[in-house]
Amino acid sequence: MSNIRAIRGMNDILPDATAIWQYVEATVRELVASYGYAEIRMPIVEQTDLFKRSIGEVTDIVEKEMYSFDDRNGESLTLRPEGTAGCVRAAIQNGLLNTTQRLWYAGPMFRYERPQKGRQRQFHQIGVEAFGVATPDMDAEVILLSARLWRLLGISADVQLQLNSIGSLEARSAFREALVDYLQQHRESLDEDSQRRLDSNPLRILDSKNPATQALLDAAPALGDYLDAESRADYARVKELLDAAGVTYTENPRLVRGLDYYNKTVFEWVTDRLGAQGTVCAGGRYDGLVEQLGGKPVPGMGFAMGIERLVLLLEACEQLPPVVAAADVYVVAYGDAAQREAVAASEQLRDVFAGLRIVQHTGGGSFKSQMKKADKSGARVALIWGEDEVAAGTVSLKTLRSRNDAQQGQQSVAREQLEETLRALLAD
RNA sequence: GUGGCCGUAGCUCAUCAGGUAGAGCACCGGAUUGUGACUCCGGAGGUGGCGGGUUCGAGACCCGUCGGCCACCCCA
């Protein structure tokens, strides 16, 4: 098979799966609408600098995971690795930020990583971003919105909320110094990766999976002790609001996000049912980002969730939407004259029955083979046209796959009675 | 980028001291005149990921390469 294949890590989403995706998307659509969020659609490609300036130069995403290339005019472009940066750019550019904005988006993101369970190079996120509100009530709103989604999808019991505050930029740099001081003294005990990060991105050592490193961190300075008064108060208020709404969470003082633009509240929804990639949804506050990208100082709060991971989770939890048949009515026609009438009749039925899924048999074949197709289509009713029907000016309706024998059967009716007979059959 | 496991029909897999491949499901057709599901019969479909090597002979052994899965890293 030396045929052309899809790019590694970029998967086709096949018909069986798209049904689940559509279910998730439809659920989200209703959910965000119920909180007053409006959809925004951004380009998939942006200037490379947008991501460097927002996500952070020393993050893994920017250093080694971006799909970047030169446009024909020599400008460096990048396939978006996440959605927030582009959303902020769009909001600034289009002057949306002089008032509160509640936005959401969905679409593909691209990161050059080694594929594994729950991770691919083209993956899909649904993101929510709220601009213009600095107070922690907005933090709570965004988190409550996400919590509601798990309820709607029936997976509340399988995801846990992890919560933390990483404070202001100033608080973080003070803490960073203290942390580095401490860890320098134990440099030898650190795992290799953490040693490297000691210089590049020391905060990330906090969520190292290495047990020895974690043990070392027990005696390390705590981020919470360095929080500024405002971050501390806001964090308390977020928890208060979550408590009041009955959303439970786990405080994780070592939760730091991998993107530089976060401050104050950060959170992750994690599950233990997806193997190593257990984060289903993550986000936080990013009050400096808009200004950093050239806008006025407008605060922001948002999250993104991975649709692939959500779908995997729904499968793992057996919370999939019911499988629906591809057709409601299958139209069988034997012979040229019969087909002529059948095709025309199907068109008329589609005029009358909005949304009814009528599959017209194509490709000829015996009655038998056509009936097999009708059965496999999952249709409840087969409309049958043959020489007899044409001669008599009738059409036969046969009930397929009924639950009880009483409903089984076939009847022939005059053409003019097709609509009402069909309506009656479908009403059962 | 690193590591482990894997790569035989559309799908799930089997076979074998190394002697040029099989099953189930799916698909197509048939079981008397125009009719599905169950059953029975039949059929089509594989240069055994690709390239080299060892051998009289390799899908089976060796090397390389590509791809898949899982994990590390990182993240949704």
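Chain letters run A, B, ... following the sequence lines, proteins first and then strands; every chain starts at 1.
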Candidate nucleotides [options], ranked by approach to the side chain of [X] - the nearest:
X: A:Thr279; options: B:rA76, B:rG68, B:rG1; answer: B:rA76
X: A:Gln410; options: B:rA37, B:rU35, B:rA76; answer: B:rU35
X: A:Met371; options: B:rA76, B:rC73, B:rG36; answer: B:rG36
X: A:Gln277; options: B:rA37, B:rC73, B:rA76; answer: B:rC73
X: A:Pro115; options: B:rC69, B:rG36, B:rC73; answer: B:rC69

Mind checking [X] for me? I need base, sugar-phosphate or nothing, with any heavy atom below 4.0 Å counting as a touch.
X: A:Gly118; value: base
X: A:Glu389; value: base
X: A:Phe123; value: base
X: A:Gln120; value: base
X: A:Thr59; value: nothing
X: A:Lys373; value: sugar-phosphate

Just the rounded figure in Å: distance from [atom2] of [N] to [atom1] of [X].
X: A:Asn210; N: B:rC72; atom1: CG; atom2: P; value: 12 Å
X: A:Arg80; N: B:rA76; atom1: CZ; atom2: C1'; value: 13 Å
X: A:Arg196; N: B:rC72; atom1: CZ; atom2: P; value: 15 Å
X: A:Gln195; N: B:rC72; atom1: CD; atom2: P; value: 20 Å
X: A:Asp191; N: B:rA71; atom1: CG; atom2: P; value: 19 Å
X: A:Leu383; N: B:rG36; atom1: CG; atom2: C1'; value: 14 Å
X: A:Ile384; N: B:rG36; atom1: CD1; atom2: C1'; value: 9 Å
X: A:Arg119; N: B:rG68; atom1: CZ; atom2: P; value: 14 Å

Under 3.5 Å donor-acceptor, [X] side chain and [Y] backbone:
X: A:Ser173; Y: A:Leu169; result: yes
X: A:Glu389; Y: A:Gly386; result: yes
X: A:Gln370; Y: A:Gly365; result: yes
X: A:Arg309; Y: A:Gly118; result: yes
X: A:Arg380; Y: A:Leu426; result: yes

*Starting at the 5' end of RNA chain B, which residue's closest nucleotide do you reach first, A:Glu82 or A:Gly386?*
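Of the two residues, A:Gly386 wins.
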*Between A:Ala276 and A:Ile7, just flag the one whose closest nucleotide in RNA chain B comes earlier from the 5' side.*
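Its nearest nucleotide being more 5', the pick is A:Ile7.
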Between [X] and [Y], do the side chains contain an N or O donor and an N or O acceptor separated by less than 3.5 Å?
X: A:Gln214; Y: A:Arg254; result: yes
X: A:Tyr105; Y: A:Glu129; result: yes
X: A:Tyr286; Y: A:Gln292; result: no
X: A:Gln162; Y: A:Thr250; result: no
X: A:Thr279; Y: A:Trp269; result: no
X: A:Ser168; Y: A:Ser231; result: no

Might you list the N or O atoms of the protein lying below 3.5 Å from N or O atoms in nucleotides 2-8 of chain B, with each pair's distance?
from	atom 1	to	atom 2	distance (Å)
B:rU2	O4	A:Arg114	NH1	2.5

*Which pair of heavy atoms, one from A:Arg119 and one from A:Arg114, lies closest together, and at what distance?*
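For A:Arg119 and A:Arg114, the tightest heavy-atom pair comes out as NH1-O, 3.1 Å.
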Assess whether one donor atom and one acceptor atom, taken from the side chain of [X] and the base of [N], lie less than 3.5 Å apart.
X: A:Gln370; N: B:rU35; value: no
X: A:Gln116; N: B:rC73; value: yes
X: A:Lys398; N: B:rG36; value: yes

_Angle between ring planes, A:Tyr182 versus A:His186, binned at 30° and 60°: parallel, tilted or perpendicular?_
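It falls in the tilted class, 30° to 60°.
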*For residues 303-319 of chain A, which residues have at least one heavy atom under 4.0 Å from RNA chain B?*
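Residues of residues 303-319 of chain A under 4.0 Å from RNA chain B: A:Ala304, A:Gly306, A:Arg309.
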*asked:* Below 4.0 angstrom, which residues in residues 8-37 of chain A have at least one non-hydrogen atom near RNA chain B?
replied: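 Those residues whose heavy atoms fall under 4.0 Å from RNA chain B, taken from residues 8-37 of chain A in numerical order, are A:Arg8, A:Gly9.
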*Could you list all the salt bridge (Lys or Arg N to Asp or Glu O under 4.0 Å) pairs where at least one residue sits in residues 19-35 of chain A, not counting sequence neighbours?*
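Those involving residues 19-35 of chain A are A:Arg29-A:Glu39.
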*Please list all pairs passing the salt bridge (Lys or Arg N to Asp or Glu O under 4.0 Å) test where one or both residues lie in residues 182-192 of chain A, with sequence neighbours left out.*
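Sorted result for residues 182-192 of chain A: A:Arg187-A:Asp199.
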_N or O in side chain of A:Lys376 less than 4.0 angstrom from B:rC27 OP1/OP2_ =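 Yes, because at least one side-chain N or O of A:Lys376 sits under 4.0 Å from OP1 or OP2 of B:rC27.
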_Presence of A:Lys368 side-chain N/O under 4.0 Å of B:rG30 phosphate oxygens OP1/OP2_ =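 Answer is no, no contact under 4.0 Å.
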*So what stems show up for RNA chain B if we need 3 or more Watson-Crick or G-U pairs in a row, all under 3.5 Å?*
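For RNA chain B the paired stretches long enough to count as stems (3 pairs minimum) are B:1-7 with B:66-72, B:10-13 with B:22-25, B:27-31 with B:39-43, B:49-53 with B:61-65.
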*Could you give the distance from CG (A:Leu289) to CZ (A:Arg53), rounded to the nearest 0.5 Å?*
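A:Leu289 atom CG to A:Arg53 atom CZ measures 10.0 Å (nearest 0.5 Å).
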